[in-house]
Asks: 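Structure below; questions to follow.
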2 protein chains.
Amino acid sequence: MVRLSKKVEYGLIAIGHIATKPTGEIVTAKEIADAYKIPYELVAKVLQKLTKSGLIVSHQGVRGGYALTRNPGDIPVSMIINAIEGMQPVIAQCMSDGPESCTVFTVCTIKSPLIKVQANIERAFSTMMLSEIV
Amino acid sequence: MVRLSKKVEYGLIAIGHIATKPTGEIVTAKEIADAYKIPYELVAKVLQKLTKSGLIVSHQGVRGGYALTRNPGDIPVSMIINAIEGMQPVIAQCMSDGPESCTVFTVCTIKSPLIKVQANIERAFSTMMLSEIV
DNA sequence: CCATATACGACTGAACAGGTCCTATTTTGG
DNA sequence: CCAAAATAGGACCTGTTCAGTCGTATATGG
Ligand code: SF4
Ligand code: SF4
């Protein structure tokens, strides 16, 4: 399987929703959860990760919520995924966990072709800006 | 996570190994398992799937084994993956399991951009031939 | 002070992946 | 004819991951 996690999908939808609002406008997790029928706790957790990475800022308390910190055209999708997953999406174990993580690394014949595919995917995600997915 | 399964990796390595031999030469599952230190049963199972898909032919009994059915330059990697997984690798649920499979499908804002990434990946795998990964 | 909102970790159940095991069946060489 | 070598294919086990839930703490506007 080669699939994006729901966390990432929900995160992209959520930050995309925030991006549709005028810059600086505050959006609550509940509003997003309701708008897309996503479990509130999941959205909340993802938004917290995005906050920790600095892509959005949070305001606690009554009338609190989240807002973008910069222009949607300046946020590559890869950065959002990275913030949520803690790493780039990689198609093979040895690319993220190092050579020692795979028992067949030394005799593996498919490493270099897979690295090309990997580069392909990374380029796709890093050239795609948040402004393009709203 | 967006990762190729070990089955696919082992399958690519295995059929790559067969491709290094002169056309028509028969290779046993045991030989491949030994050469790459991959569990025999896994290699065997993957080779059986490749056989069912017609990419390789099998010969049972003593002196049996597997052999390619066509030139490695004519076998796209996507076809090998497809044979092993039973489908193309897709990055989102709705692309393989249909719109109904995802609860947020109707309000999902990220479908179309993800479809572009998907097309990108598919092109990468379908233009890469077995002959390139040996 | 209290309703509303974020922060954050623990927990659960289901699904999946990787790997093992077991039993057929086919085929060849002796 | 028979034993060994090889594919065929399913059942099973086990650890991990994933999606989702819960509980509790903290901040803050009014
Ligand atoms: S070494 Fe080869 S088999 Fe192992 S993870 Fe990397 S690409 Fe996959
Ligand atoms: S509809 Fe959107 S969220 Fe659901 S699987 Fe497709 S892309 Fe992912």
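Numbered from 1 within each chain, the chains take letters A, B, ... in sequence-line order.
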Asks: Check nucleotides 22-26 of chain C against the protein and report each pair of N or O atoms closer than 3.5 Å, with its distance, or say if there are none.
Replies:
from   : atom 1 : to      : atom 2 : distance (Å)
C:dT26 : O4'    : B:Gln60 : OE1    : 3.0
C:dT26 : O3'    : B:Gln60 : OE1    : 3.4
C:dT26 : O2     : B:Gly61 : N      : 3.3

Asks: Sequence neighbours excluded, which residues qualify as side-chain hydrogen bond (donor to acceptor under 3.5 Å, both in side chains) partners of A:Asn82?
Replies: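 side-chain hydrogen bond (donor to acceptor under 3.5 Å, both in side chains) check on A:Asn82 returns A:Gln88.
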Asks: Give every pair of a protein N or O atom and an N or O atom of nucleotides 14-19 of chain D that lie under 3.5 Å apart, one pair per line with the distance.
Replies:
from   : atom 1 : to     : atom 2 : distance (Å)
D:dA19 : OP1    : A:Lys6 : N      : 2.8

Asks: Should the pair B:Lys111 and B:Phe105 be classed as cation-pi, given the thresholds of under 6.0 Å to the six-membered ring centre and 45° from the axis?
Replies: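 Yes, a cation-pi geometry holds between B:Lys111 and B:Phe105.
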Asks: Do you know which two heavy atoms are closest between A:Arg3 and B:Ser96, and how far apart they sit?
Replies: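 Scanning both residues, the minimum pair turns out to be NH2-OG, 2.9 Å.
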Asks: Would B:Lys21 and B:Glu31 pass as an ion pair if we require N to O under 4.0 Å?
Replies: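 Between B:Glu31 and B:Lys21 there is a salt bridge, with a charged N closer than 4.0 Å to a carboxylate O.
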Asks: Expected output is a numbered-order residue list: members of residues 86-109 of chain A with a heavy atom under 4.0 Å from any atom of DNA chain D. What is it?
Replies: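 Contacting residues: none.
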Asks: Between A:Tyr40 and C:dA7, does any side-chain N or O lie under 4.0 Å from OP1 or OP2?
Replies: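 So the side chain of A:Tyr40 is outside the cut-off, no N or O lying under 4.0 Å from OP1 or OP2 of C:dA7.
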Asks: Where the side chain of B:Lys45 is defined as all heavy atoms beyond and including C-beta, which of D:dT7, C:dT6, C:dC21 is the nearest nucleotide?
Replies: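 Looking only at side-chain atoms, B:Lys45 lies closest to C:dC21.
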Asks: So, using side-chain hydrogen bond (donor to acceptor under 3.5 Å, both in side chains) as the criterion, who are the partners of B:Lys52 when residues are at least two apart?
Replies: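 Partners of B:Lys52 by the side-chain hydrogen bond (donor to acceptor under 3.5 Å, both in side chains) criterion come out as none, since no residue qualifies.
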Asks: Of the options C:dA7, D:dT7, D:dG20, whose atoms approach the side-chain atoms of B:Gln48 most closely?
Replies: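 It is D:dT7.
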Asks: I'd like to check A:Ile80 versus A:Ile84 (side-chain heavy atoms, cut-off strictly below 4.5 Å). Are they in contact?
Replies: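 A side-chain contact exists here, since the closest heavy-atom pair is under 4.5 Å.
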Asks: For the residue pair A:Ile133 and A:Met128, establish whether any side-chain heavy-atom pair is separated by less than 4.5 Å.
Replies: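 A side-chain contact exists here, since the closest heavy-atom pair is under 4.5 Å.
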Asks: Nearest heavy atom decides the nucleotide; on that basis, is A:Ile38 or B:Ala44 closer to the 5' end of DNA chain D?
Replies: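 First, find each residue's nearest nucleotide; the 5'-ward one identifies B:Ala44.
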Asks: Specify the residues of residues 14-23 of chain B, ordered by number, for which at least one heavy atom lies under 4.0 angstrom from an atom of DNA chain D.
Replies: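 Here the set is empty: none.
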Asks: Output yes when at least one side-chain N/O atom of B:Ser58 is less than 4.0 Å from OP1 or OP2 of D:dA8, else no.
Replies: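 Answer is yes, contact under 4.0 Å.
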Asks: For the residue pair B:Cys102 and A:Lys6, establish whether any side-chain heavy-atom pair is separated by less than 4.5 Å.
Replies: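 Sidechains of A:Lys6 and B:Cys102: in contact.
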